[in-house]
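Heads up: the structure comes next, in structure tokens.
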Amino acid sequence: SDYSGEPPRHPSLRINAKEPFNAEPARRDLVASYITPVDLFFKRNHGPIPVLDDIDSYYVTIGGIAGGPRRLSLDDIRRLPKYNVTATLQCAGNRRTDLSKSRKVRGVGWDVCALGNATWGGAKLSDVLQLVGVPYHTEITPSGGKHVEFVSVDQCPEEKGGPYKASIPLGQATNPAADVLLAYEMNGEVLKRDHGYPLRAIVPGVIGARSVKWLDRIDIIEEESQGFFMQKDYKMFPPSVDWDNIMWSTRKPQMDYPVQSAICSLEDMSAVKTGQVTVAGYALSGGGRGIERVDISCDGGKRWFEAHRYQKQGVPYVAGNITSDKWAWVLFKAIVDVKGDIEIVAKAVDSSANVQPESVESIWNLRGILNTCWHRVRILATP
Ligand code: MTE
Ligand code: MO
């Protein structure tokens with residue numbers, strides 16, 4: 001693979017792998033703003049960043065439709081109604097490093113910042129599909145229906161040099177309320193190369209792996225995508241399955257993200273001064289479920305109290321309501337008194353009353369995905 005054409009990146013990013021480029025911001029930087037600045041947004045790649053600079057000749061091909069494939073230019077997509085959806089994109093591998101402490105897992109090691117919250121601008125996939133003759137669908141997503149496969153132009157070693165691919169159910173793709181976008185903007189600016197320029201899918205509420213960057217094709221297919229990242233990766237196995245007894249076909253590709261939270265104002269195993277410290281972080285859930293509350297403990301999880309949620313100005317926030325935005329994270333904060341050697345813990349509860357699991361052992365899985373266990377930070381507070 002050729003990595004000579006990579007774009008410049010912010011020097012403060014923590015690089016977890018250089019080629020392909022995988023990096024996340026520092027904890028404190030991540031929760032400094034409700035909307036994550038583009039240069040601090042985590043970058044998750046499986047191959048080199050494609051060079052697509054002749055935008056006038058760029059088009060995306062829509063296949064598997066009546067009358068044969070259709071090519072849509074960027075202008076065709078820009079002419080459709082534009083939507084701005086604030087959605088948090090989280091990699092399924094977020095917090096993998098902590099999972100490895102229990103038992104070794106395979107994959108890029110991530111701390112707690114393999115996610116970001118952005119306002120994505122683009123056309124709804126449901127409108128794009130309607131334009132080419134595929135009608136809207138507004139019922140609850142049926143299972144066993146057709147699928148919509150996103151195919152990228154980037155070449156991934158795991159795909160044996162083939163393009164990155166993923167699919168979502170047709171019922172979700174054609175449902176305007178699912179807010180699936182073909183995005184050409186991120187935080188009001190033209191999408192950057194690292195994040196899928198000129199066009200990417202954004203599938204809110206679902207693991208980041210399904211939000212395919214640098215779109216080449218969108219195909220309506222009978223079964224879910226047979227691509228590597230759908231069939232041989234990003235599946236959640238039970239703790240009893242290891243590399244010697246894995247049967248990939250026995251599990252479904254992971255879609256919705258479970259409830260998650262992490263503390264970002266403190267580093268693990270750090271020293272602070274006795275007195276007040278700020279416990280701040282993020283909480284989010286998948287599938288459009290909002291965050292009901294975040295509980296904090298300063299004694300490893302024996303006694304709990306509720307954190308405050310806070311959002312910055314100008315951000316969609318319904319006063320008195322529970323969630324700020326259906327697809328976006330909530331930032332939380334609590335001021336606590338600390339003394340001695342203590343363990344601070346955060347756990348979130350979503351609007352369906354799902355709670356993060358307590359122990360990492362109960363959710364350990366060989367690929368190290370979906371580590372959503374209580375987030376613990378051990379600190380030593382001395383005068
Ligand atoms: N799309 C392509 N074409 N190639 C990729 O490697 N990585 C996926 C997804 N889309 C990927 C991709 C994964 S695993 C994640 S978590 C998100 O993109 C990361 O998006 P970001 O780099 O914009 O943060
Ligand atoms: Mo990911």
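Whatever order the structure lists ligands and atoms in, that order sets their numbers, starting from 1.
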Is a side-chain N or O of [X] found less than 3.5 angstrom from the main chain of [Y], in a donor-acceptor match?
X    : Y    : answer
Q226 : E224 : yes
T174 : Y136 : no
K43  : D194 : no
S152 : D154 : yes
K124 : P176 : yes
Y164 : A209 : yes

Numbering as shown, the atoms of ligand 1 that approach [X] to under 4.0 Å (heavy-atom distance):
X    : answer
V212 : 1 (N), 3 (N), 10 (N)
C91  : 16 (S)
N45  : 6 (O)
L89  : 20 (O)
F41  : 24 (O)
K43  : 22 (O)
Y234 : 14 (S)

Could you tell me the residue and atom name of the protein heavy atom closest to [atom], and the distance to it rounded to 0.1 Å?
atom                    : answer
atom 6 (O) of ligand 1  : H46 ND1, 2.7 Å
atom 22 (O) of ligand 1 : K213 NZ, 2.5 Å
atom 19 (C) of ligand 1 : R44 CB, 3.6 Å
atom 8 (C) of ligand 1  : Y164 OH, 3.5 Å
atom 13 (C) of ligand 1 : A209 CA, 3.7 Å

Salt bridge flag under 4.0 Å for residues R95 and D111: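 A salt bridge is absent here (no side-chain N lies under 4.0 Å from a carboxylate O).
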Ion pair check, E292 and R289, cut-off under 4.0 Å: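 Not counted as a salt bridge, because no side-chain N and carboxylate O are separated by less than 4.0 Å.
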From CG (L89) to CZ (F42), nearest 0.5 Å: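 With rounding to 0.5 Å, CG (L89) is 4.5 Å from CZ (F42).
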Contact partition for V153 relative to ligand 1, non-hydrogen atoms under 4.0 Å: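 No part of V153 comes within reach of ligand 1.
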W214 and ligand 1 - part of the residue with a heavy-atom distance under 4.0 Å: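 W214 to ligand 1: side-chain contact only, backbone stays beyond 4.0 Å.
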G208, A166, G116: member with heavy atom nearest to atom 17 (C) of ligand 1: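 Result: the heavy atom closest to atom 17 (C) of ligand 1 is in G208.
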Pairs of nitrogen or oxygen atoms closer than 3.5 Å, one from [X] and one from ligand 1: do any exist?
X    : answer
S211 : yes
S152 : yes
F42  : yes
R200 : yes
D154 : yes

Given F41, W120, Y184, the one that forms ring pair (Phe, Tyr, Trp, His ring centres under 6.0 Å) with H195: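 Answer to the ring pair (Phe, Tyr, Trp, His ring centres under 6.0 Å) test with H195 among F41, W120, Y184: F41.
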Sub-4.0 Å heavy-atom approach of R210 to ligand 1: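 No, R210 has no heavy atoms under 4.0 Å from ligand 1.
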Ring centres under 6.0 angstrom apart (F332, H308):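 Ring centres of H308 and F332 not closer than 6.0 Å.
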Aromatic ring proximity, centroids under 6.0 angstrom, W248 and F229: no
Residue pair T372 / Q260, side-chain donor-acceptor N/O under 3.5 Å: no
